[in-house]
Asks: 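Got a structure here, written out as structure tokens. Questions coming.
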Amino acid sequence: MKKYFISAAMSVLLAVGFTACDSETDEKPGGTAIEKMCGYWDVQVDAVDENNEVVYEDIFGSGIIPFYTYNTADNSSTKMWIDDLRNDNFWNIKFLVDVNYSAMTFSATDVVYEEGQYEEEEPGKATVWDGKIVENGGLNLHGKPWDTIDFNISFSDDPYPENYGYHHYHVSGLRHTGFTE
């Protein structure tokens with residue numbers, strides 16, 4: 001009897017095991033609608049004048065900071081999140097930008113990036129222009145071609161330009177490689 005019980009139990013386990021591996025859909029795994037624009041970036045932030053000439057290199061003294069670009073939940077081909085991860089190295093931004101995927105460019109005008117801390121405060125707004133991602137546009141630490149990101153950004157509540165003589169910020173860098181200097 002014990003032999004029949006073990007045999008029946010094995011049959012049931014095998015049947016369950018094989019049916020658990022059946023595919024429920026015909027969809028193939030793959031990337032997002034803006035796959036080549038999404039990534040983890042190592043960027044530097046410089047303060048620049050109206051002509052994009054650097055006034056202050058690495059203005060916040062943060063060196064290379066982490067920065068993310070990623071797709072929306074609905075997998076839009078015309079929108080992308082940009083996010084500095086709230087790491088206090090730049091401006092604590094996270095907002096959607098408009099994307100032209102075929103040109104690998106992005107921009108945004110007066111998007112709210114932060115709610116005011118107090119009821120009477122207006123939310124901060126940011127404008128991004130000349131944003132672009134270039135495949136193999138730079139070289140990594142080993143001299144191999146690597147993707148680059150580059151854009152200009154200004155903030156409605158930025159108190160520094162009039163005090164320090166610059167116009168906006170220029171953000172540029174390479175896709176994160178995992179290598180360090």
Side-chain angles (χ1 to χ4, degrees), residues 30-114 124-158 160-161 164-181:
T32 65
I34 58 168
E35 178 178 13
K36 292 180 180 180
M37 294 182 77
C38 298
Y40 173 15
W41 306 90
D42 293 321
V43 300
Q44 179 173 308
V45 179
D46 299 323
V48 296
D49 63 17
E50 297 86 3
N51 301 315
N52 283 339
E53 298 294 325
V54 174
V55 178
Y56 297 104
E57 188 173 306
D58 186 16
I59 186 160
F60 299 110
S62 301
I64 303 299
I65 62 172
F67 197 86
Y68 278 87
T69 55
Y70 48 93
N71 61 294
T72 61
D74 65 351
N75 198 23
S76 171
S77 62
T78 60
K79 297 279 186 191
M80 170 178 75
W81 287 100
I82 64 172
D83 186 348
D84 74 350
L85 305 176
R86 309 264 187 246
N87 62 19
D88 295 327
N89 288 323
F90 182 41
W91 216 268
N92 292 331
I93 60 172
K94 180 182 178 181
F95 56 85
L96 287 170
V97 293
D98 297 316
V99 168
N100 178 336
Y101 189 63
S102 61
M104 301 284 278
T105 60
F106 58 96
S107 63
T109 304
D110 289 334
V111 292
V112 173
Y113 71 87
E114 180 180 282
K125 294 181 180 179
T127 298
V128 173
W129 67 99
D130 293 338
K132 64 183 173 232
I133 293 172
V134 179
E135 288 184 275
N136 298 323
L139 300 175
N140 69 10
L141 292 174
H142 301 285
K144 301 294 182 194
W146 216 247
D147 298 348
T148 61
I149 189 169
D150 190 77
F151 63 94
N152 294 299
I153 188 167
S154 63
F155 301 98
S156 63
D157 58 350
D158 185 354
Y160 301 115
Y164 293 100
Y166 64 89
H167 188 259
H168 60 277
Y169 302 98
H170 181 249
V171 180
S172 60
L174 291 171
R175 189 176 299 276
H176 181 75
T177 64
F179 297 110
T180 57
E181 293 183 296

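As the structure is a prediction and not an experimental result, all values here were calculated from the model.
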Asks: Not counting sequence neighbours, list each pair that qualifies as a salt bridge (charged side-chain N to carboxylate O under 4.0 Å, His left out) and has a residue in residues 139-149.
Replies: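 Listed by first then second residue: Asp147-Arg175.
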Asks: Using every non-hydrogen atom in the two residues, find where Gly138 and Thr148 come nearest and quote the distance to one decimal.
Replies: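 In terms of heavy atoms, the two residues are closest at N-CG2, 3.4 Å.
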Asks: What do the steps show when you test Ser77 against Val99 for side chain to side chain contact (heavy atoms under 4.5 Å, CB included), and what is the final call?
Replies: CA-CA 7 Å; Ser77 62; Val99 168; over 6 Å; no
Asks: Which atoms form the tightest heavy-atom contact between Gly124 and Asp157, and what is the distance?
Replies: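 Here Gly124 and Asp157 meet closest at CA-OD2, 3.9 Å.
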Asks: Taking distance alone, no hydrogens or angles, what donor-acceptor pairs closer than 3.5 Å link side-chain atoms of residues 127-137 to residues at least two apart or in another chain?
Replies:
residue	atom	partner	partner atom	Å
Thr127	OG1	Asp110	N	3.2
Thr127	OG1	Asp110	OD1	3.4

Asks: Sequence neighbours left out, what passes side-chain contact (heavy atoms from CB on, under 4.5 Å) with Asn100? Give chain and number order.
Replies: Ser102, Ala103, Thr105
Asks: Going by ring-ring contact (aromatic ring centres under 6.0 Å, His included), name the residues that satisfy it together with Tyr101, two or more places apart in sequence or in a different chain.
Replies: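 Partners of Tyr101 by the ring-ring contact (aromatic ring centres under 6.0 Å, His included) criterion come out as none, since no residue qualifies.
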Asks: For Thr69, what residues pass the side chain to side chain donor-acceptor pair (under 3.5 Å) criterion, not counting sequence neighbours?
Replies: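 Side chain to side chain donor-acceptor pair (under 3.5 Å) list for Thr69, sorted by chain: Trp41.
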Asks: Taking only residues two or more places apart in sequence, or in another chain, which ones meet Thr72 in a side-chain contact (heavy atoms from CB on, under 4.5 Å)?
Replies: Asp74, Ser76, Lys79, Trp81, Leu96
Asks: With sequence neighbours excluded, tell me which residues meet salt bridge (Lys or Arg N to Asp or Glu O under 4.0 Å) with Asp46.
Replies: none
Asks: Minimum heavy-atom separation for Asn75 to Ala33, with atom names?
Replies: OD1-N, 2.8 Å
Asks: With rounding to the nearest 0.5 angstrom, report the CE to OG1 distance, Met37 to Thr32.
Replies: 10.5 Å
Asks: Distance only, no hydrogens: is a donor on one side chain within 3.5 Å (strictly under) of an acceptor on the other, for His167 and Asp49?
Replies: no
Asks: Under the rule for side chain to side chain donor-acceptor pair (under 3.5 Å), what residues qualify as partners of Tyr68, not counting sequence neighbours?
Replies: none
Asks: For residues 50-62, pull every pair meeting side-chain hydrogen bond (donor to acceptor under 3.5 Å, both in side chains), keeping only residues two or more places apart or in separate chains.
Replies: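 Residue pairs passing side-chain hydrogen bond (donor to acceptor under 3.5 Å, both in side chains), neighbours aside: Asn52-His168.
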Asks: Could you walk me through whether Phe151 and Tyr169 pass ring-ring contact (aromatic ring centres under 6.0 Å, His included), step by step?
Replies: CA-CA 8 Å; Phe151 63 94; Tyr169 302 98; over 10 Å; no
Asks: Can you check side chain to side chain contact (heavy atoms under 4.5 Å, CB included) on Phe60 and Val45, steps first, answer last?
Replies: CA-CA 8 Å; Phe60 299 110; Val45 179; 4.3 Å; yes
Asks: Can you confirm whether Tyr70 sits close enough to Met80 that some side-chain heavy atom of one is under 4.5 Å from a side-chain heavy atom of the other?
Replies: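 Contact flag for Tyr70/Met80 side chains = no.
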Asks: Verify side chain to side chain contact (heavy atoms under 4.5 Å, CB included) between Val43 and Val171, making sure each step is shown before the conclusion.
Replies: CA-CA 6 Å; Val43 300; Val171 180; 3.8 Å; yes
Asks: Excluding sequence neighbours, so at least two apart, what forms side-chain contact (heavy atoms from CB on, under 4.5 Å) with Ile93?
Replies: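 Ile93: side-chain contact (heavy atoms from CB on, under 4.5 Å) contacts with Phe67, Ile82, Asp84, Phe90, Trp91, Phe95, Tyr113, Ile153, Phe155.
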